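One structure is given below, encoded as structure tokens.
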Amino acid sequence: MAFITDNYQRISTRLKAAHVELVAVSKIRTEAEILQAYNEGIKDFGENYVQEIVSKVEALPKDIRWHFIGHLQSNKLKFIAPFIYMIQGVDSFKLLKEINKEGEKNNRVINCLLQIHIAGEETKFGLDEDELDDIIGNAELKSLRNIKICGLMGMASFSDDEETVINEFSYLKSLFNSYSHLSTNNCQLTTLSMGMSGDYELAIKEGSNMVRIGSLLFGNRPVKI
């Protein structure tokens, strides 16, 4: 797995220069692959499947910071609430309240990113601008003491048209700037998670400070059976 070492060294040089955090997307990756990446210095890993992440948590180093980056069903929250470092795909106030409830049960504060729909594809999940404003302005938000909204997350269109992708990232950065002045006990927008293996360079140029990289680090992902 020397390619993980080579790929990480190349990627990390670019990210360190731009002061950007890396979340290694490890879904459908083996524990050996994750451990190799961990030994290279990566501490943040992103997963999409609850059952898979629970299994990996048991087998891998305890200081890994696990990010849930897929669409999360509220009835699955109880399985990851005891350990999850950050939930990146929060797309409703209802889900935010459920996360708070599970955080309270586990006596911990769970970091969250609000997912914004910026892509042209309708299949992407996420909030629109009005829904984001409704959540940030909701009077009930202050009472949620077991969550912390740390920033915004978005996925650009899978497109070869760089201008389209840049415009989508630029739009998300403008939203982030609009709310970055907020500072309450449970809402401080400091993280802008945008950019993946195919477009992270564009995302960094548009202001991302966290990227989610999988195939560029580990190689092409195997097909999940």
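Small disclaimer: the values here were computed from a predicted structure and weren't measured. Just so you know, residue 1 is the first one in the sequence shown, and it goes up from there.
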Using side-chain contact (heavy atoms from CB on, under 4.5 Å) as the criterion, point out the one residue from Leu189, Leu113, Val90, Leu127 that pairs with Leu152. Leu189

State yes or no: do Ile11 and Val20 share one hydrophobic cluster built from I, L, V, M, F, W and Y residues joined by side-chain heavy-atom distances below 4.5 Å, directly or via other members? yes

For a side chain to side chain contact (heavy atoms under 4.5 Å, CB included) check, start with the C-alpha distance between Asn48 and Ile28, then their side-chain angles and the critical distance, and finish with the verdict. CA-CA 9 Å; Asn48 285 51; Ile28 322 181; over 6 Å; no

Does one hydrophobic cluster hold both Ile204 and Leu202, with members joined at side-chain heavy-atom distances below 4.5 Å? yes

Hey, mind stepping through Arg212 and Met155 against side chain to side chain contact (heavy atoms under 4.5 Å, CB included) and telling me if it holds? CA-CA 10 Å; Arg212 310 176 302 276; Met155 298 173 61; 3.4 Å; yes

Is the backbone of Tyr8 close enough, under 3.5 Å, to the side chain of Ser12 for a donor and an acceptor to pair up by distance? yes

Ignoring hydrogens and angles, tell me if any N or O in the side chain of Lys56 forms a donor-acceptor pair with the backbone of Arg29 under 3.5 Å. yes

Smallest separation among heavy atoms of Thr164 and Ser159, with atom names: CB-OG, 4.5 Å

With a 3.5 Å cut-off and no angle check, do the side chains of Ser26 and Glu33 form a donor-acceptor pair? no

Are Ile53 and Ile42 linked, directly or through other ILVMFWY residues, by side chains that come within less than 4.5 angstrom of each other? yes

Do you see a donor-acceptor pair shorter than 3.5 Å between the side chains of Glu21 and Ser193? no

I'd like to know if the side chain of Ser157 and the backbone of Ala119 have a donor-acceptor N/O pair within less than 3.5 Å. no

Nearest-0.5 Å distance, CD1 of residue Ile135 to CD of residue Glu140: 11.5 Å

Could you grab the distance from atom CG of Leu72 to atom OH of Tyr49, nearest 0.5 Å is fine? 13.5 Å

Less than 4.5 Å apart, any side-chain heavy atom of Asn106 and any of Phe83? no

Salt-bridge present (Glu98, Lys101; N to O < 4.0 Å): yes

For Glu163, is there any backbone N or O sitting under 3.5 Å from a side-chain donor or acceptor partner on Asn167? yes

Hey, what do you get for CD1 (Ile213) to CG (Asn7), rounding to the nearest 0.5 Å? 10.0 Å

With a 3.5 Å distance limit and no angle check, can you tell me whether Asn100 reaches the backbone of Ser143 through a side-chain donor-acceptor pair? no

I need the Leu144 CG to Ile149 CD1 distance, nearest 0.5 Å. 8.0 Å

Might you confirm whether atom CG of Asn185 has over 12 heavy atoms from other residues, nucleotides or ligands at distances under 6.0 Å? no

Applying the 4.5 Å side-chain criterion to the ILVMFWY set and letting contacts propagate, would Ile166 and Leu172 be lumped into a single cluster? yes

If hydrophobic clusters are built from ILVMFWY residues whose side chains come within less than 4.5 Å, do Phe45 and Val23 share one? no

I need the minimum non-hydrogen distance between Arg145 and Val109, along with the two atoms involved. O-CG2, 3.7 Å

When Ile99, Leu96, Leu95, Asn111 are each screened for side-chain contact (heavy atoms from CB on, under 4.5 Å) with Ile87, the one that passes is Ile99

In terms of heavy-atom contacts, Ser197 and Gly214 come closest through OG-N, 3.3 Å

Any donor-acceptor pair under 3.5 Å linking the side chain of Asn146 with the backbone of Arg108? yes

Take Ile136 and Cys187, measure what side chain to side chain contact (heavy atoms under 4.5 Å, CB included) needs, and give me the verdict at the end. CA-CA 8 Å; Ile136 297 298; Cys187 186; 4.0 Å; yes

NZ-CG distance between Lys205 and Asp199, expressed to the nearest 0.5 angstrom: 12.0 Å

Has Asn107 got more than 12 heavy atoms of other residues, nucleotides or ligands less than 6.0 Å from its CG? no

Thr5 vs Gln36, side-chain hydrogen bond (donor to acceptor under 3.5 Å, both in side chains): CA-CA, chis, key distance, verdict: CA-CA 8 Å; Thr5 299; Gln36 169 71 19; 3.1 Å; yes

Please tell me if the side chains of Arg14 and Tyr200 come closer than 4.5 Å, counting only heavy atoms from C-beta onward. yes

May I ask you to decide if Phe125's main-chain N or O and Gln115's side chain share a donor-acceptor pair within less than 3.5 Å? yes

Pairwise distance CG(Leu192) to CZ(Phe169) - rounded to 0.5 angstrom: 9.0 Å

Quick check: does any side chain N or O of Asn186 sit under 3.5 Å from a backbone N or O of Leu141, one acting as donor and the other as acceptor? yes

List the atom pairs, donor and acceptor, that lie under 3.5 Å between side-chain atoms in residues 57-71 and the rest of the protein, sequence neighbours left out.
residue: Lys62; atom: NZ; partner: Val57; partner atom: O; Å: 2.9
residue: Lys62; atom: NZ; partner: Glu58; partner atom: O; Å: 3.4
residue: Asp63; atom: OD1; partner: Tyr38; partner atom: OH; Å: 2.7
residue: Asp63; atom: OD2; partner: Tyr38; partner atom: OH; Å: 3.1
residue: Arg65; atom: NE; partner: Asp44; partner atom: OD1; Å: 3.4
residue: Arg65; atom: NE; partner: Asp44; partner atom: OD2; Å: 3.0
residue: Arg65; atom: NH1; partner: Tyr85; partner atom: OH; Å: 3.4
residue: Arg65; atom: NH2; partner: Asp44; partner atom: OD1; Å: 2.9
residue: Arg65; atom: NH2; partner: Asp44; partner atom: OD2; Å: 3.4
residue: His67; atom: ND1; partner: Gln88; partner atom: NE2; Å: 3.1
residue: His67; atom: NE2; partner: Asp44; partner atom: OD2; Å: 2.7
residue: His71; atom: ND1; partner: Asp91; partner atom: OD2; Å: 3.4

As a quick check of understanding, evaluate side chain to side chain contact (heavy atoms under 4.5 Å, CB included) for Val50 and Val54, giving each step before the final call. CA-CA 6 Å; Val50 170; Val54 169; 4.3 Å; yes

